[in-house]
Structures are given as structure tokens and as C-alpha cells.
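In what follows, every chain begins at residue 1, and chains take the letters A, B, ... in the order their sequences are listed. Computed from a prediction, not measured in an experiment: that's the story for all the values here. Scope of the values below: all heavy atoms of this structure, side chains included, with no hydrogens, waters or symmetry mates.
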Amino acid sequence: MASPKQLGEVLFDKMQLDPKAKKTKTGQYATGEDVLAKLANQHKICNDILSFRELTKLKNTYVDALPELINSKTGRVHTSYAQAVAVTGRLSSTSPNLQNIPVRTERGKEIRKAFIPRDENHVLVSADYSQIELRIVAAISADENMCAAFKTGKDIHTATAAKVFNVEEADVTKEMRYKAKSVNFGIIYGQGAFGLAENLGISRTEAKEIIDNYKKQFPNIQKYMDETINFAKETGYVETLMGRKRWLKDITSANFTVRGFAERNAINSPIQGTAADMIKLAMIKIHHAFKARQFKSKMLLQVHDELVFDVLKEELELVKPVILECMQNALSLPNDVPANAEIGEGENWLVAH
DNA sequence: TCTCTCACG
DNA sequence: ACGTACGTGAGAGAC
């Protein structure tokens with residue numbers, strides 16, 4: 001009923017929906033969301049399968065599993081954080097993983113609503129860094145155009161679109177912004193024209209044009225990427241702004257694919273890792289600040305660029321600026337790029353976020 | 001126990 | 001011609 005192997009055989013052997021169907025490295029047909037979405041116009045069963053996958057995922061992973069993990073003493077779920085699992089320095093969360101609670105789809109949002117404050121005297125508060133990884137890219141690459149966008153408080157994807165498509169910011173269309181957003185994210189991961197084309201459903205030629213233009217408009221970002229890869233090849237590691245290293249043994253591999261992975265790791269790790277360093281520093285600051293002010297409110301969760309709190313209602317207006325101050329000043333970035341955080345509150349996690 | 005898929009940042 | 005965007009954890013199915 002949920003077998004990717006059987007599904008692949010039915011879709012591609014029996015029904016012949018795609019003679020060039022891609023296979024996984026073990027020779028099975030790939031039937032992931034991206035594959036099924038492309039096939040949706042050929043046969044309507046694809047959308048039914050996607051719906052089925054969404055529903056069973058939510059039921060199996062969250063609706064059925066989370067209640068089983070309620071602690072009988074506290075009546076709540078308690079995650080475990082690992083500090084030395086993720087290679088970039090991020091935390092990871094298990095039993096249950098509370099860093100992947102749904103938020104995107106309508107049914108997923110219903111699950112997030114189940115996370116509520118301890119009682120009627122408390123509210124949930126969520127504070128998250130805005131575009132922290134792109135700010136870090138701007139700061140450590142010292143790219144003038146990107147630093148300027150953040151310093152003047154611009155919408156970064158709109159600003160990027162204006163540069164890449166050579167129009168006034170006021171004339172940036174939704175589609176242009178959408179594409180620019182995809183390019184910005186791709187940059188963080190070391191994406192190429194192929195990946196961008198695949199992601200946006202555009203031709204590789206168009207994708208290459210966009211990327212070339214991006215590099216022209218934000219020249220220091222390209223320079224940062226080249227220099228970081230060279231540094232890794234010379235030293236065997238890359239490091240965050242705070243100096244935490246990630247060793248990359250494959251960076252000099254003769255194998256194109258293996259080396260390519262290591263090169264993308266070299267680009268991404270200092271960015272993701274610096275963001276991880278920053279929020280950890282913020283958490284320590286917040287811990288001390290809450291203690292010094294004798295707040296009764298509690299810090300509950302960290303989700304990479306977000307912190308969630310159980311806040312006593314009468315402390316709310318005192319607590320919020322403390323959280324924001326700690327987050328925004330946790331680690332000062334080079335080139336005067338500000339770290340910005342946003343905060344919200346409500347009767348559940350969905351509303352607060 | 002491994003593979004595939006999919007939830008999140 | 002090749003492979004092609006980073007980091008996680010968890011559940012189901014296959015073996």
C-alpha cells in the first residue's frame with residue numbers, strides 16, 4: 001500500500017508513464033514527490049498518491065507517534081537535543097524530533113496547533129532570525145550590493161531580483177522575486193544551473209543566464225565561494241566565523257562527483273555553521289538574562305533559526321525585548337550587517353510563529 | 001539493517 | 001558522458 005518499489009513498477013513498467021523514468025542508485029524507480037508532481041498531468045492517480053503520501057506521513061509520524069511519547073510525570077513531550085551529531089554544528093533533535101513539526105500544508109498546520117502553553121496564564125512565544133544565512137553570506141563575503149540591501153532593511157529577494165533582472169525594485173514581479181529567492185537559496189548550497197533549472201522548471205540556458213547575471217551583480221559572493229574552496233583544498237578544512245572547523249577529506253578527490261560534494265560542503269558549512277554558532281550564543285545570553293531578571297518564563301525549543309518560549313502572560317512585554325536583544329546581538333557580523341529577529345505570541349505554536 | 005521517502009530549517 | 005542544493009530524524013517496506 002505504501003511501497004515505493006511496487007509503485008514504481010506499476011507506474012513505469014505496467015503503465016509506461018515515463019519511458020525515461022529515473023532510477024535510484026539501487027536500480028529501483030524513483031517515485032519521490034518531484035517525480036510524481038511532474039507526472040500529474042499525465043495521469044490523475046499521481047495526485048491521489050501524493051495526497052495519500054501526505055496524509056499517511058502526518059498520521060504515522062506525528063498524529064499517532066507523538067502521544068506515545070508523552071512523559072507520564074509531566075504530561076508533556078520532551079525532546080532530546082544532540083550537540084555533537086550534525087557536522088555543521090547545528091543541534092539535532094530526537095524522541096521526538098521537534099525540529100520537523102509540520103507547518104507548510106493546511107493539515108500540517110493542524111498538528112502544529114497542538115503545541116500549546118502550559119496553562120491559561122502562559123502564552124507561546126516564537127522568535128526567529130530573518131534570512132540569517134543570507135546575512136552571513138553577505139557579511140563574510142563582504143559583497144557590497146548584498147550588504148547594502150541588508151543594511152537598508154530591504155526585502156532581500158526583491159532586491160536580488162531587481163539586480164539580476166535589471167529592473168527597478170518597484171517593477172519586480174512575483175515571478176521574478178520567486179526566481180531570485182530560489183537563486184539566493186541555491187547560492188547557500190552551491191547549486192548550479194542544472195539544479196536551478198530543475199527547481200524552477202525553466203531551461204538550463206535560462207538558469208545559466210540568471211546565475212551568470214547574479215555573479216556579475218554580486219561579484220564578491222562568487223569570490224567568497226572560490227576562495228573558500230581553495231582554502232579547503234590547501235588546509236583540508238573550512239571554519240565558521242567563530243573558528244569551528246569541519247574537515248573535508250574529499251576536497252582533493254580525483255572523483256568529480258565526490259569532490260563536488262566536498263566543494264558544496266565547503267561553501268555551505270561556514271554559513272550554516274555560523275548561524276548555528278550565533279543561535280547557541282543567543283541561547284546562552286537568554287538563559288543568563290532570564291536568570292538575572294528572575295523571569296519565570298521558560299525557553300522550550302530551538303529549531304535552527306527559531307527559539308520557542310513558554311511565557312508567563314504578565315512577563316510578556318518584558319520578556320520579548322530581552323529575547324530580541326539577545327538574539328540580535330549574540331554575534332556581531334563583519335561589514336556591519338545586522339542580524340534581525342522577529343517575534344510573535346499566541347495560544348499555540350502555529351499562531352506564535 | 002538498509003533504502004526510500006518526506007517532515008523541518 | 002557524468003552528476004548535479006546543504007543539514008537533520010523517523011516510519012514503512014524490502015531483504
Side-chain angles (χ1 to χ4, degrees), chain A residues 1-9 22-37 49-50 52-66 68-69 79-82 85-105 107-109 111-112 128-134 137 182-200 204 207-208 211 225 238 246 248 255-273 275-276 279 301-307 349 353:
Chain A
M1 198 154 77
S3 162
K5 185 168 188 286
Q6 292 178 30
L7 176 64
E9 286 160 7
K22 280 182 188 152
K23 297 197 169 176
T24 66
K25 56 172 176 260
T26 55
Q28 270 189 42
Y29 290 112
T31 68
E33 189 180 346
D34 52 334
V35 175
L36 296 180
I49 295 162
L50 286 169
F52 172 82
R53 287 249 178 98
E54 182 197 347
L55 289 166
T56 53
K57 176 73 175 183
L58 296 178
K59 181 171 188 293
N60 292 332
T61 308
Y62 305 101
V63 177
D64 290 346
L66 285 172
E68 297 296 316
L69 291 162
T79 187
S80 298
Y81 284 112
V85 168
V87 285
T88 55
R90 278 185 170 188
L91 301 184
S92 86
S93 160
T94 58
S95 321
N97 181 356
L98 295 184
Q99 291 181 321
N100 71 346
I101 298 303
V103 70
R104 286 172 197 174
T105 67
R107 284 191 170 94
K109 288 178 179 171
I111 292 166
R112 194 164 278 234
D128 65 293
Y129 284 112
S130 63
Q131 308 297 352
I132 189 58
E133 293 195 353
L134 279 175
V137 173
S182 185
V183 180
N184 274 331
F185 276 106
I187 289 299
I188 294 172
Y189 304 141
Q191 185 184 43
F194 180 93
L196 183 67
E198 189 79 1
N199 189 275
L200 288 177
R204 218 182 297 184
K208 189 173 181 309
I211 289 175
M225 297 198 291
V238 289
R246 175 176 180 181
L248 295 167
N255 181 305
F256 179 87
T257 306
V258 171
R259 190 176 67 251
F261 267 105
E263 288 174 352
R264 293 193 294 278
N265 291 156
I267 292 167
N268 177 262
S269 282
I271 302 165
Q272 192 179 115
I279 196 167
L301 297 174
Q302 188 254 44
V303 192
H304 310 306
D305 64 354
E306 173 190 11
L307 297 172
W349 193 3
H353 185 54

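When the side-chain nitrogen and oxygen atoms of A:Thr88 are compared with OP1 and OP2 of C:dG7, none of them lie within a distance under 4.0 Å. When the side-chain nitrogen and oxygen atoms of A:Thr26 are compared with OP1 and OP2 of B:dC4, one or more of them lie within a distance under 4.0 Å. A close approach under 4.0 Å does not occur between any side-chain nitrogen or oxygen of A:Thr61 and OP1 or OP2 of C:dA10. Applying the 4.0 Å criterion to OP1 and OP2 of C:dT8, one finds that A:Gln272 has every side-chain N and O outside that range. For B:dC6, one of the phosphate oxygens OP1 or OP2 lies less than 4.0 angstrom from a side-chain nitrogen or oxygen of A:Arg53. For A:Arg264, a side-chain nitrogen or oxygen approaches OP1 or OP2 of C:dC6 to under 4.0 Å.
Nucleic acid contact for A:Phe261: sugar-phosphate only, since backbone atoms but no base atoms lie under 4.0 Å from a heavy atom of the residue. The residue A:Arg107 sits apart from the nucleic acid: no heavy atom pair falls under 4.0 Å. Across all strands, A:Ser269 comes closer than 4.0 Å to no nucleic acid atom at all (heavy-atom distances). Within the 4.0 angstrom heavy-atom criterion, no nucleotide atom of any strand lies near A:Thr56. Note on A:Gln28: only backbone sugar-phosphate atoms sit closer than 4.0 angstrom, heavy atoms only; bases stay farther off. Counting non-hydrogen atoms under 4.0 angstrom, A:Asp128 reaches nothing in the nucleic acid. Within 4.0 Å of A:Ala65, counting heavy atoms only, lie sugar-phosphate atoms of the nucleic acid but no base atom. Residue A:Ile101 is classed as a sugar-phosphate contact, given heavy-atom separations below 4.0 Å to backbone atoms only. The residue A:Ala276 sits apart from the nucleic acid: no heavy atom pair falls under 4.0 Å. A:Glu198 comes within contact range of no nucleotide atom at all, as no heavy-atom separation falls under 4.0 Å. A:Asn97 comes within 4.0 angstrom of the backbone, heavy atoms only, and of no base.
If you take CG of A:Leu98 and P of C:dT8, they are 18 Å apart, rounded to a whole angstrom. In this structure, the NZ atom of A:Lys5 is 11 Å from the P atom of B:dC4, given to the nearest Å. We find that CD1 of A:Ile267 is positioned 13 Å from C1' of C:dT4, with the value rounded to whole Å. Computed from coordinates, the A:His353 NE2 to B:dA7 C1' distance equals 14 Å when rounded to whole Å. For the pair A:Lys57 NZ and C:dA12 P, the interatomic distance rounds to 10 Å; values are reported in whole Å. Atom CG in A:Asn268 sits about 10 Å away from atom P in C:dT8, given to the nearest Å.
For DNA chain C, the stems formed by at least three consecutive Watson-Crick or G-U pairs, with both atom-pair distances below 3.5 Å, span B:1-9 with C:6-14.
A side-chain donor from one of A:Gln99 and A:Gln302 sits under 3.5 Å from a side-chain acceptor of the other.
Side-chain atoms of A:Thr24 lie closest to B:dT5 of the nucleotides B:dT5, C:dC2, B:dA7. Of the listed nucleotides (C:dA10, C:dG13, C:dG7), C:dA10 has the atom at the smallest distance from the side chain of A:Thr94. Side-chain atoms of A:His304 lie closest to C:dG7 of the nucleotides B:dT5, C:dG7, C:dG3.
Residue A:Arg259 places its CZ atom among more than 12 non-hydrogen atoms of other residues, nucleotides or ligands, all under 6.0 Å distant.
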